[in-house]
Amino acid sequence: MRKINKIILHCTATPEGKDFTVQQIREWHVKGNGWSDIGYHFVIYRDGSVHKGRPIEKSGAHTKGQNANSIGISYVGGITNDGKKTPKDTRTPAQKVAIVQLIKSLKETYGQHVTVHGHNEFAAKACPSFKIKDDPELCAL
């Protein structure tokens with residue numbers, strides 16, 4: 001089992017209000033980036049359902065320099081639907097609940113020492129289109 005010390009939250013950088021599947025994201029990552037699989041371990045759809053991506057036993061491909069000891073979670077959304085790719089926290093209420101529940105479950109499995117971060121803490125990116133420290137529920141985890 002990998003030693004996990006971080007959970008890193010991402011967005012798919014897809015337009016607000018549009019649905020995308022794990023299979024579509026996998027195709028973007030494999031065909032578009034040349035990766036072996038989807039980069040995230042979990043993807044949270046707009047309806048709050050949680051879907052498995054890359055097997056958790058394998059290092060992700062979601063945050064340069066952090067993949068070996070982290071779990072990558074992405075929610076579908078993260079940009080406006082105005083065609084300009086403007087970052088926006090588009091999490092639905094169901095996604096917010098699912099993110100908290102998933103992180104709580106992962107911390108029960110991997111330990112309370114596991115810290116929660118946004119991709120933007122490790123890269124000059126807007127992803128996940130909000131700051132973890134600005135979300136009281138995520139800060140409490």
Side-chain angles (χ1 to χ4, degrees), residues 2-141:
R2 294 187 308 125
K3 290 190 178 189
I4 302 300
N5 59 21
K6 291 181 189 76
I7 295 169
I8 303 176
L9 190 60
H10 300 264
C11 66
T12 56
T14 52
E16 179 176 21
K18 298 200 181 211
D19 294 314
F20 293 90
T21 66
V22 167
Q23 188 55 40
Q24 287 172 296
I25 300 163
R26 180 174 280 118
E27 287 177 18
W28 302 337
H29 289 180
V30 172
K31 292 179 182 172
N33 297 343
W35 299 346
S36 63
D37 197 357
I38 188 171
Y40 314 119
H41 296 100
F42 296 96
V43 176
I44 301 176
Y45 289 8
R46 293 178 54 250
D47 67 2
S49 58
V50 177
H51 300 264
K52 291 183 180 180
R54 185 179 289 233
I56 208 161
E57 301 80 32
K58 295 185 178 181
S59 291
H62 54 87
T63 307
K64 189 174 183 176
Q66 302 296 321
N67 292 315
N69 299 103
S70 67
I71 294 171
I73 300 172
S74 185
Y75 74 92
V76 171
I79 62 171
T80 58
N81 60 4
D82 62 3
K84 297 179 183 178
K85 295 196 170 210
T86 305
K88 180 181 180 187
D89 182 359
T90 64
R91 292 174 297 160
T92 64
Q95 283 175 314
K96 289 179 180 183
V97 168
I99 289 167
V100 168
Q101 289 175 339
L102 177 57
I103 291 171
K104 283 181 179 178
S105 174
L106 291 169
K107 288 182 81 145
E108 285 175 12
T109 301
Y110 293 96
Q112 295 303 313
H113 70 281
V114 174
T115 54
V116 180
H117 304 271
H119 186 196
N120 50 15
E121 293 177 49
F122 302 102
K125 297 180 181 251
C127 177
S129 296
F130 69 95
K131 291 187 165 107
I132 298 292
K133 68 179 178 105
D134 294 340
D135 185 307
E137 287 197 74
L138 292 175
C139 283
L141 297 174

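A quick note: this is a predicted structure, and the numbers were derived from the prediction, not measured.
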## Note on the structure
Sorted by chain and residue number, the ring pair (Phe, Tyr, Trp, His ring centres under 6.0 Å) partners of Y45 (sequence neighbours excluded) come out as H51

[Y] side chain reached by [X] side chain, heavy atoms, under 4.5 Å:
{"X": "K104", "Y": "L141", "value": "yes"}
{"X": "V43", "Y": "V76", "value": "yes"}
{"X": "R26", "Y": "D37", "value": "yes"}
{"X": "I7", "Y": "L102", "value": "no"}
{"X": "I56", "Y": "L106", "value": "yes"}

### Query
More than 12 heavy atoms of other residues, nucleotides or ligands under 6.0 Å from CD of E27: is that the case?
yes

### Message
If you count heavy atoms of other groups shown closer than 6.0 angstrom to NZ of K125, is the number above 12?
### Response
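Counting other residues, nucleotides and ligands, NZ of K125 stays at 12 neighbours or fewer.
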
[atom1]/[X] to [atom2]/[Y] distance, rounded to the nearest 0.5 angstrom?
{"X": "N67", "Y": "F122", "atom1": "CG", "atom2": "CZ", "result": "10.5 Å"}
{"X": "T63", "Y": "I8", "atom1": "OG1", "atom2": "CD1", "result": "3.5 Å"}
{"X": "H29", "Y": "S36", "atom1": "NE2", "atom2": "OG", "result": "11.5 Å"}

### Task
For residues 5-27, pull every pair meeting ring pair (Phe, Tyr, Trp, His ring centres under 6.0 Å), keeping only residues two or more places apart or in separate chains.
H10-Y40, H10-H62, H10-H119, F20-W28

### Residue from H117, E121, Q66 passing side-chain hydrogen bond (donor to acceptor under 3.5 Å, both in side chains) with K6
Q66

### Query
Can you tell me if T92 uses its side chain to pair, donor with acceptor, with the backbone of R46 under 3.5 Å?
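Yes, the answer is positive, given that a donor and an acceptor are paired below the 3.5 Å cut-off.
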
### Task
Tell me, please, which residues at least two apart from R91 pass salt bridge (charged side-chain N to carboxylate O under 4.0 Å, His left out).
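With neighbours one apart ignored, the set is D89, D135.
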
### Message
Any salt bridge linking E16 with K88? Criterion: basic side-chain nitrogen under 4.0 Å from a carboxylate oxygen.
### Response
yes

